[in-house]
Structures are given as C-alpha cells and as structure tokens.
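Here the structure is laid out as structure tokens; the discussion comes afterwards.
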Amino acid sequence: MDKKEIAALFEAIGTLLELKGENPFRVRAYTNAARALESQTADLRQLADEGRLTEIKGIGPDLAAKITEALTTGHLKLHDELLASLPAGLLDLLRIPGFGPKKAKIVYEQLHVNTIKKLEAACQSGAVAKLPGFGEKSQQNILAGIALIRKFSGRHLVDTAAAAAQPVLAALRACAGVIRADIAGSLRRRRETIGDVDFIVSARPADAPGILAAFTTLPGLLSVSAQGPTKASVVLAGGIQADLRVVSDEQYAFALNYFTGSKEHNIALRARALKLKQLSLNEYGFSPAAEQEKSAKELGSRLACPTEEALYAALELAYIPPELREDMGELDAAARGPLPRLIETQDLRGTFHCHSTWSDGLDSMEAMAQAALALGYEYLGLADHSRSEWQANGLDAARVRQQAVEVKELNARLAEKGFRLFFGAEVDILGEGELDYDEETLDLFDYVIVAVHNRFTLSAAAMTARIGRALAHPKVTMLAHPTGRLLLEREPYAVNMPDVIAAAAQHGKIIEINANPRRLDMDWRLWQHARELGVRCAINPDAHSVADLQFLA
Ligand code: DGT
Ligand code: CA
Ligand code: CA
C-alpha cells in the first residue's frame with residue numbers, strides 16, 4: 001500500500017465512524033490523518049522502519065500502528081470490521097452529491113433506508129422532507145443527485161481510465177505472439193470521459209487463445225463478462241470495463257481505426273470510401289462495393305493498408321490524429337491537405353493557474369517553481385485564491401503584499417536559471433461581476449485570473465452578464481474554468497458560452513483550458529469558434545501540488 005491508498009483507507013474509516021455516529025473527535029482524527037498523509041513527501045515505509053511515523057503532524061501512536069499494519073498487511077482490521085457492521089447499500093448513498101454520513105445515518109435510523117432505490121422512493125413519498133434537518137429543498141436536491149448518479153454511472157474520468165489501461169496494454173504487449181497492440185476507443189481519442197477501454201491486438205490465429213487467456217486472467221480483475229475466440233470483455237480493478245479484440249496483422253490498421261471511432265467519424269469515413277472509391281470499409285478492410293457478397297475478410301488482402309496513415313491516404317486524406325476523429329469537419333480539412341500539428345506537452349514553455357501553500361496548495365512556491373523547472377518550463381504562473389475564498393485560505397491584501405515580496409526574492413534566485421515566476425491571483429468574480437480585490441491590490445499582480453466559485457444557480461443571462469462584466473475589467477488577464485463543471489460530479493452552471501467567448505474576444509482576454517481531468521473546461525467543442533474570434537487560450541493545470549503539474553502531460 002502506498003500513502004495515497006492508506007490516506008483513502010483513513011478517509012473511509014472516518015466516514016464509516018461517522019455513519020455509526022461515533023465521537024466526532026475520533027472521526028476527525030482519521031480524516032485529518034488522511035489529509036496529513038496525502039501531503040507527506042517523506043517515504044512512509046522508511047519512517048515506519050525508523051519508528052518515526054509519529055513525527056507526522058496528527059499521527060499519534062495509535063494511528064502510527066494502523067499505518068504500519070496497512071503497510072505490512074495491505075489492509076486494516078478496523079476498516080474490515082466497520083464495513084461488516086454496516087448494511088452494504090448504506091455506503092452507496094454517499095455517492096449522492098451533497099449527501100454525507102450524517103444524513104445517511106438519519107435516513108437509515110428513521111426510515112430504514114439503506115439503498116439508493118429506497119431513498120428515491122422515500123423522497124418521492126415526501127417522507128424525507130419531514131425528517132429533522134431535511135425539508136422540501138433538501139429532498140429535491142437528493143432526487144436531483146440520484147438522477148445525476150444514474151446519468152454518470154459507468155463512465156470514468158480520462159486519467160482514471162488511462163491509469164487503469166496502461167498496465168493492461170503493457171501486459172498485452174508482453175504476451176507471446178502479440179505483433180501489435182494499442183488502446184483504441186474514446187480513450188485513444190482522449191475524450192473527457194470514458195465508457196469502456198478498447199484494446200486491439202494483432203497476432204497469428206494460433207496465438208489468439210493464449211492472448212485472450214492472458215487478458216482474462218490479469219491480476220486484479222473484478223470479473224470476466226464475455227469471452228470468445230477473438231474477443232473478450234473484462235472488468236478491471238477500478239470497475240472499468242475493458243474490451244479486447246484480436247485480429248490478424250493485415251486487419252490491424254482497419255480494426256484499430258474502426259474501434260478508435262468515433263462512430264460518427266467511422267460513418268463519415270465509410271461514406272467517403274463508397275462515394276470516392278466505390279469501396280466498402282469495415283473493421284476488417286476495404287472491399288469493392290460490387291463484391292459485397294464475398295466476405296470482407298477474403299478480399300481484405302487485395303487492398304492492403306498496413307497502417308492508419310495508409311488507410312487515410314487510400315481515401316485521399318491526410319492522416320487524422322485520434323483526438324480529431326469526431327466528425328466535426330476533420331474529413332474536409334484532411335481532404336484539403338495536411339492537418340496542423342496538434343499541440344504537444346513539450347510545446348508548452350510554461351503555465352499559469354497554480355496554487356501554493358499561500359492559499360490551498362500543498363507545496364511551497366519554491367517547490368512549485370523547482371518542479372516546473374525540472375519539467376523543462378521557463379516560467380510558472382502563481383495564482384493563489386483571493387480574499388473571499390476563506391475556506392481555501394484566500395489571501396487578503398496584506399498577505400498579497402507579503403507574498404509579492406517572497407516572489408521577488410525567489411525570482412532573484414531563479415533568474416540565473418533562466419526561470420521566472422509570474423505573480424498572479426485567482427480572483428473571485430463577486431455577485432455582480434465585481435472583483436474580489438481593490439485596484440491598488442490588483443496592481444501588485446503580473447496578471448489576474450478571474451473565476452466564478454459561488455452562486456451557481458443564477459440564470460444563464462445573469463451569469464453571462466456577471467462574467468462579461470469581470471472580463472471587461474482592464475486588470476483582468478484570463479478566465480478560469482468558465483462553466484464550473486466537474487465531470488461526472490456536477491453539471492456546468494447555466495451560462496451562455498458564445499456570449500462569454502464574444503466578451504473575451506471584445507476585451508482581448510484569454511480563456512483557459514483547465515487541464516484538471518475533473519474539469520477540462522473550456523470544453524474542446526467550443527475552441528474552434530473561440531479561435532475564429534481570435535480568443536487566445538492558456539493551458540493551465542490548476543495545480544494544487546507539484547504532482548498536479550502532471551495534468552499538463
Ligand atoms: P465510450 O466507450 O462510450 O467512451 O466510447 P467509444 O467511442 O470508445 O465507444 P465503444 O467502446 O462503444 O466503441 C468503440 C468504437 O467502435 C467506437 O468509437 C466506434 C466503433 N463502433 C462501435 N459501435 C459502432 C457502430 O455501431 N457503428 C460504427 N460505425 N462504429 C461503431
Ligand atoms: Ca470504449
Ligand atoms: Ca467498447
């Protein structure tokens with residue numbers, strides 16, 4: 001177990017204790033310990049070996065023993081016991097946004113509700129609204145939360161899916177007989193959320209059974225949902241479904257292309273093949289449309305495409321990178337000539353929107369700068385939270401002044417390494433679009449990011465006007481996460497994005513792509529239009545730690 005997993009266990013114990021109505025101090029001891037572990041940079045195992053775990057703030061002898069137990073046995077007895085003592089469905093209730101252990105305990109004790117289905121029925125009957133501390137509004141929120149869970153269930157954030165898929169791909173590539181292996185589907189296209197992960201492998205037919213057997217017996221699988229002679233479906237450790245298809249190497253480029261999708265791109269590609277070349281195209285290959293009665297497999301070799309480049313070339317198209325395969329004009333563009341190269345991580349010279357320990361970041365400004373330097377960046381933009389974000393330790397004007405002094409000192413030292421910290425802030429957009437700092441304070445910054453962090457329920461018109469007013473402010477440089485969406489968690493607030501983009505264009509302001517996989521906001525679908533209006537883009541990690549800089553990768 002690593003410290004992240006142990007922190008998650010402590011967090012879970014805190015929740016379970018709260019569900020059981022345990023002493024709040026005991027609950028807090030576990031949640032605080034989870035926080036402390038998450039921000040630990042030292043090696044836990046080494047600290048444990050040296051008997052120094054209690055040097056971590058918030059870790060007493062009892063918790064130190066628990067950490068040692070988790071390190072040596074891979075689980076915690078207390079956690080197992082707590083889990084066994086509660087009805088299984090009860091924990092499920094906590095997946096409802098805004099529905100915490102306290103509420104779960106009340107509905108369980110008073111209404112014997114222990115599943116989402118029962119909770120939904122209890123809300124529909126009006127029983128939940130009558131519970132102490134609930135009310136009509138809270139009952140409506142619970143119903144809306146249940147609807148959200150249903151909508152999102154079965155999908156995963158792209159980084160979660162990628163982390164689950166990488167070891168599987170490595171295992172497949174290491175299998176005897178595998179000629180080529182790749183990830184296909186929405187994950188290859190880097191969509192913002194992923195339904196299932198698709199793997200394509202090429203091999204000789206004789207090797208297929210061994211490869212499928214290896215796939216269906218991967219360590220840590222939750223289940224095998226289907227298995228045939230050339231394909232199988234499994235559920236990976238994190239609950240992510242994965243499909244594998246094994247094809248011949250002649251079919252590989254076609255299968256990879258087909259299963260990369262998107263479905264809409266496939267349909268457009270197929271239409272082009274028919275119209276331009278009188279060929280039908282499927283996951284096995286091209287075949288003359290007139291010879292449809294013969295099997296595609298039989299004809300495949302006559303129109304060989306060893307790579308996807310060759311496949312697109314056969315249709316008189318420039319190669320289309322997976323990220324663009326959404327039938328949003330990419331075929332027309334690729335018919336006109338080579339597509340522009342996509343921006344790669346190594347193209348970035350620096351980034352903005354990073355937090356430090358001055359507000360709610362886990363790492364110091366210096367640590368953030370050193371990490372950015374190590375990643376090859378020439379600059380890093382700091383943007384700690386403003387005054388009103390008290391829960392995120394937002395800075396008042398006096399602390400901004402202190403921070404400015406420290407940034408200056410750091411820059412004096414970093415300059416010799418050719419590196420610069422830009423001093424900025426993530427400034428709250430207040431109720432009517434005013435900014436959270438006065439002019440004098442705003443003048444201290446090299447640049448200003450503005451963001452909406454509250455009053456998410458405004459009408460689209462009011463929200464759009466509010467953001468537009470902030471963008472009109474001469475000291476503002478860029479807009480953070482313009483829709484406030486949290487993928488698979490929270491819908492975007494109502495806002496008219498074309499008008500926000502127009503306001504950014506009018507005032508010459510930048511809009512960020514928040515690269516945190518939970519946000520990916522502003523959405524990729526809107527960038528073509530933004531670009532046409534000349535709006536520039538900042539690719540920002542919204543980093544709250546050194547580790548979060550990886551969001552740019
Ligand atoms: P997901 O898994 O929901 O995130 O999205 P995808 O795009 O990975 O979809 P998935 O796994 O159902 O199928 C993988 C690819 O296979 C998909 O992107 C395109 C192709 N495909 C699946 N079903 C069809 C279909 O009915 N027609 C066509 N033309 N292609 C399909
Ligand atoms: Ca998929
Ligand atoms: Ca699939």
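From a predicted model like this one, the values you see are computed outputs, not experimental measurements. Each ligand, and each atom within it, is numbered from 1 in the order the structure gives.
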(request) Would you please test T464 and D499 for side-chain hydrogen bond (donor to acceptor under 3.5 Å, both in side chains) and show each step? (result) CA-CA 7 Å; T464 307; D499 286 357; 5.6 Å; no
How far is [atom] from its nearest protein heavy atom, and which residue and atom is that?
{"atom": "atom 17 (C) of ligand 1", "answer": "G261 CA, 4.0 Å"}
{"atom": "atom 3 (O) of ligand 1", "answer": "R155 NH1, 3.1 Å"}
{"atom": "atom 23 (N) of ligand 1", "answer": "Y258 OH, 4.3 Å"}
{"atom": "atom 11 (O) of ligand 1", "answer": "D196 OD1, 2.8 Å"}
{"atom": "atom 4 (O) of ligand 1", "answer": "S186 OG, 2.5 Å"}

Does a donor on one side chain sit under 3.5 Å from an acceptor on the other, for [X] and [Y]?
{"X": "D521", "Y": "T483", "answer": "yes"}
{"X": "W524", "Y": "E192", "answer": "yes"}
{"X": "H481", "Y": "E426", "answer": "yes"}
{"X": "K137", "Y": "N141", "answer": "no"}
{"X": "D363", "Y": "S545", "answer": "no"}

(message) What's the separation between atom CZ in F199 and atom CG in D196, rounded to the nearest 0.5 Å?
(response) 10.0 Å
(request) Please indicate whether Q528 has more than 12 foreign heavy atoms, meaning atoms of other residues, nucleotides or ligands, lying under 6.0 Å from its CD. (result) no
(request) May I ask you to check whether over 12 heavy atoms, not counting those of R536, lie within 6.0 Å of atom CZ? (result) no
(request) Answer yes or no for atom 9 (O) of ligand 1: protein heavy atom present at a distance under 4.0 Å? (result) no
(request) Flag atom 15 (C) of ligand 1 as yes if some protein heavy-atom distance to it falls below 4.0 Å, otherwise no. (result) yes
Going by heavy atoms, is [X] under 4.0 Å from ligand 1?
{"X": "K263", "value": "yes"}
{"X": "H265", "value": "no"}
{"X": "T260", "value": "yes"}

(message) Enumerate the side-chain hydrogen bond (donor to acceptor under 3.5 Å, both in side chains) contacts for residues 253-263, please, sequence neighbours excluded, ordered by first and then second residue.
(response) R188-T260, N257-E308, N257-Y312, S262-E264
(request) Check salt bridge (Lys or Arg N to Asp or Glu O under 4.0 Å) between R204 and all other residues, then give those that pass, not counting sequence neighbours. (result) D207
(message) Which residue is it: D542, N540, L375? I am looking for the one with a side chain to side chain contact (heavy atoms under 4.5 Å, CB included) to T351.
(response) N540
Identify, by atom number and element, the atoms of ligand 1 in contact range of [X], meaning under 4.0 Å from any of its heavy atoms.
{"X": "D198", "result": "8 (O), 11 (O), 14 (C)"}
{"X": "G195", "result": "1 (P), 2 (O), 3 (O), 4 (O)"}
{"X": "G185", "result": "8 (O)"}
{"X": "I194", "result": "4 (O)"}

(message) For K277, give me all partners under side-chain hydrogen bond (donor to acceptor under 3.5 Å, both in side chains), at least two apart in sequence or on another chain.
(response) E316
(request) Could you name all protein N, O or S atoms found under 3.0 Å from the Ca ion (ligand 3)? (result) D196 OD1, D196 OD2, D198 OD1, D243 OD2
(request) Just let me know how R189 lines up against ligand 1, side chain, backbone, both or neither, with a heavy-atom cut-off below 4.0 Å. (result) side chain
